[in-house]
Number of protein chains: 2
Amino acid sequence: MTAHTPGPWADPVTGVCPVAETLRLLGGKHGPTLLHCLTGGEMHFLELSRALGGISRKVLTEQLRVFEAEGLISRTPKQDARRRVAYALTPRGQALGAIIAQLYDWSTQPA
Amino acid sequence: MTAHTPGPWADPVTGVCPVAETLRLLGGKHGPTLLHCLTGGEMHFLELSRALGGISRKVLTEQLRVFEAEGLISRTPKQDARRRVAYALTPRGQALGAIIAQLYDWSTQPA
DNA sequence: CTGTATCCAGACGGATACTG
DNA sequence: CAGTATCCGTCTGGATACAG
């Protein structure tokens, strides 16, 4: 065939590439790092804030809300004196995190 | 340990998360789709332009240049009458594309 | 066909101050 | 500790016209 056969990168209904959509789920500048952070286990708001370096609390909050709405993370307020809130990956979030982790290996391979 | 043990998401030297860096390599709005498109084989500029739907030639050109500089794709001008230019994934680009393809499977799994 | 050159609107994210 | 509310600069990407 002279004409190129397109791969499955466009949804027949929405016309949107699922891969691009998934990448969008990962969020903006800090989304991927945030998700990858939580791969190591649950973390509190301030821990995440510090781990992500120069992220503003506003953006962090927004991203957490989005991930929560997407079912990637869970939010559980601890009832201790410090009123901390723990964030952790859901099974679905972990599955995505596993794929993301492969990007780590890829990035360390020789060109 | 009460304190959370950070995962390998921050480079000890640059302080940058390699995963986030890799995700950045994928480019902006159309980068991932573009890469995924080329998974099916080499394509010409106009083919890509159409496959990506509403992408401007300016942005497409920019993204192609970036990918080329990153060693993810190759640019080979054909010397035919139509002066077309073929773009294809390099081995490194294909390796990345393989990982990206997993995102497709993930996105189709039940929540 | 394959770009390049401007211009511009909107999204994104940082800084800061304030609240429960 | 964990947010929320504003303000505002920057960066991205779209539209359009022009060029090799």
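Note that these values count all heavy atoms, side chains included, but never hydrogens, waters or copies made by symmetry. In what follows, chains carry the letters A, B, and so on, assigned in the order in which the sequence lines appear, proteins first and then strands, with residues in each chain numbered from 1.
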| query | Who are the side-chain contact (heavy atoms from CB on, under 4.5 Å) partners of B/P77, not counting sequence neighbours? | reply | B/R75, B/V85
| request: Locate the shortest heavy-atom distance separating A/Q63 from A/G27; write the atom from each residue and the value. | output: OE1-CA, 3.6 Å
| query | Do any pairs count as a salt bridge (Lys or Arg N to Asp or Glu O under 4.0 Å) and have a residue in residues 89-111 of chain A, sequence neighbours left out, and if so which ones? | reply | none
| task | Determine whether B/L38 and B/L72 make a side-chain contact, defined as any pair of heavy atoms from C-beta on separated by less than 4.5 Å. | result | no
| request: Please identify each residue that fulfils side-chain contact (heavy atoms from CB on, under 4.5 Å) with A/T22, with sequence neighbours left out. | output: A/L96, B/L103, B/W106, B/S107
| Counting only non-hydrogen atoms, which of residues 59-80 of chain B are less than 4.0 Å from DNA chain C? | B/T61, B/R65, B/R75
| Can you tell me if the side-chain N/O atoms of A/H30 get under 4.0 Å from OP1 or OP2 in C/dG14? | yes
| remark: Only residue of B/L25, B/L89, B/L34 satisfying side-chain contact (heavy atoms from CB on, under 4.5 Å) with B/F67 is B/L34
| message | By the salt bridge (Lys or Arg N to Asp or Glu O under 4.0 Å) test, which pairs, at least two apart or in different chains, include something from residues 50-65 of chain B? | response | none
| Along DNA chain C (nearest heavy atom to each residue), the more 5'-positioned of A/G28 and B/R50 | B/R50
| field | Minimum-distance pair of heavy atoms, taken over all atoms of B/A101 and B/H36 | value | CA-NE2, 4.4 Å
| query | Applying side chain to side chain donor-acceptor pair (under 3.5 Å), which residue pairs with at least one partner in residues 76-85 of chain A are found, sequence neighbours left out? | reply | A/H44-A/R84
| request: Calculate the interatomic distance between B/L48 atom CG and C/dC1 atom P; express it in whole Å. | output: 13 Å
| task | In sequence, state the C-alpha distance, the side-chain angles, and the governing distance for B/S74 and B/E68, and then conclude on side chain to side chain contact (heavy atoms under 4.5 Å, CB included). | result | CA-CA 6 Å; B/S74 62; B/E68 193 186 357; over 6 Å; no
| task | Write down the distance between CD (B/E47) and P (C/dG3), rounded to a whole number of angstrom. | result | 13 Å
| task | Please check if B/V66 and A/L23 belong to a single hydrophobic cluster, counting links between Ile, Leu, Val, Met, Phe, Trp and Tyr side chain heavy atoms closer than 4.5 Å. | result | no
| query | Roughly how far, to the nearest 0.5 Å, is SG of A/C37 from CG of A/L52? | reply | 4.5 Å
| query | First and last nucleotide of DNA chain D touching chain A, 5' to 3', heavy-atom cut-off 4.0 Å? | reply | D/dC1 to D/dC7
| task | Enter the inter-axis angle for the ends of the helix from C/dC1-D/dG20 to C/dG20-D/dC1 (five pairs per end, rounded to 10°). | result | 50°
| task | Produce a footprint string for nucleotides 15-20 of chain C: one letter per nucleotide, 5' end first; B if the base is under 4.0 Å from any protein heavy atom, S if only the sugar-phosphate is, - if neither. | result | B-BB--
| query | Do any side-chain nitrogens or oxygens of B/Y87 fall under 4.0 Å of OP1 or OP2 in C/dG3? | reply | yes
| Would you say the side chain of B/I100 lies within less than 4.5 Å of the side chain of B/L26, judging by non-hydrogen atoms? | yes
